[in-house]
Amino acid sequence: MKIRTRFAPSPTGYIHLGNAWVAFLNWLWTRQHRGTIVLRIEDIDRQRCRPEYVQALMEDLAWLGLDWDEGPGNRYVYGSAFQSERLPFYKAIFERWKDEGTVYPCYCTRARLRQIASAPHPGEEAPAYDGRCRNLTEEERRKETKTPSWRFRMETTPVRFTDLLCGPRETVLHAGSDDFVLLRADGMIAYQLAASADDGAMGITHVFRGRDLLTSTAGQICLLQNLGYPAPVYAHLPLLVDENGVRLSKRQHGITIRDLREAGMTAASVIGRLLFWAGAVPEGTAITAEEALRTIAFEDCRALHAPEITAVPVL
Ligand code: GLU
Ligand code: ZN
């Protein structure tokens, strides 16, 4: 099997240690397995994404010593690497689903959905939908005035997969409560649709990403199956959190790769820090990505089975 992986950032800001963590570990694993890396730009949300961040993230990855094989500027059989340029592809899938009745319009207001979400079932965290609009008749639909979002008509099914890092998983997806949105009322294609369709169309065999997306995986497997693509193997990486257990994000100060570079840190010390968090090297190690590729096996990253890792600020 020809291994193909992807790094799929959303260009909403400068990449930070949390993004570099996923990009580096994906790169290390893929290069050690002689696979192909696709850089996919998840820029569907035109309000939040900026072209200058695409340029910046490519510079930052290159500075870290991380390369890729297919991506912006290079069109392959799957077309553009920018999701914003792939809308006709997603729309065609959506229209087919609409014709087949695989998706249905949901007229619920945001206030109503918030109310459902604020009274979750015990032990559940994801906001559940109550399926209100799933079985509306044509006549009932005609009476609705709001522009609808469109939801996937889920059948209650167990979804099983084995995560490379989290082990065997079984999730039961339920008709109604797991009818996730695929097209928003404002016309924006939802992440679930774009990511699944692209993983399928781009022939992605292994998906490395943060654990925050573990709960989205069963739904994505359903969509991939529906589209006739094999599901990739997933590897959900621990989230990097600060001393307070808060996930590293763009909001925290001094963690973008740019900040670190401008503060005089070398790429080797950033990569060394990532490998230290991964449990592969002692603290304070400086090592380039290229040296790591030759001397450290992905399997030496012994800390990757944990749900999260405390990443003490670098600066
Ligand atoms: N674009 C998503 C993010 O930046 C990644 C989605 C994925 O890897 O499936 O969080
Ligand atoms: Zn509804």
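Read the numbers this way: they start at 1 and go in the same order the structure lists the ligands and their atoms.
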Rounded to the nearest 0.5 Å, what's the gap from CZ on Arg4 to CG on Asp199? Could you check? 11.0 Å
Examine ligand 1 and decide if any of its atoms is less than 4.0 Å from a heavy atom belonging to Phe208. no
Would Val207 and Trp27 show up in the same hydrophobic cluster when neighbours are defined by side-chain heavy atoms closer than 4.5 Å? no
SG (Cys133) to the Zn ion (ligand 2) to SG (Cys106) angle, given to the nearest 10 degrees: 120°
Could you tell me whether Glu138 and Arg141 have a side-chain N and a carboxylate O separated by less than 4.0 Å? yes
Identify whether the distance between the nearest side-chain nitrogen and carboxylate oxygen of Glu52 and Arg258 falls below 4.0 Å. no
Carboxylate-amine/guanidinium contact Arg86 Asp198, below 4.0 Å: yes
Between Arg31 and Asp69 (salt bridge meaning N to carboxylate O under 4.0 Å), is one present in this structure? yes
Within-cut-off N or O pair, Leu213 and ligand 1, under 3.5 Å: no
Of the listed options (Ala8, Ser196, Pro9, Gly210), which comes nearest to atom 5 (C) of ligand 1 when hydrogens are ignored and any heavy atom counts? Ala8
Nearest non-hydrogen contact to atom 2 (C) of ligand 1 from the set Gln83, Glu42, Gln220 belongs to Glu42
So if you build clusters from Ile, Leu, Val, Met, Phe, Trp, Tyr with side-chain heavy-atom gaps below 4.5 Å, do Ile204 and Val159 land together? yes
Quick check on the Zn ion (ligand 2): does Tyr129 put an N/O/S atom closer than 2.8 Å to it? yes
State whether any protein heavy atom lies less than 4.0 Å from atom 8 (O) of ligand 1. yes
Just to be sure I read this right, does ligand 1 sit under 4.0 Å from the backbone of Ser10, its side chain, both, or neither, counting only heavy atoms? both
Is the closest heavy-atom distance from Arg6 to ligand 1 below 4.0 Å? yes
Residue Arg209 vicinity, atoms of ligand 1 by number, heavy atom under 4.0 Å: 7 (C), 8 (O), 9 (O)
Could you list the atoms of ligand 1 found under 4.0 angstrom from a heavy atom of Tyr191? 6 (C), 7 (C), 9 (O)
Looking at Glu42 and Arg40, is any side-chain nitrogen of the basic one under 4.0 Å from a carboxylate oxygen of the acidic one? yes
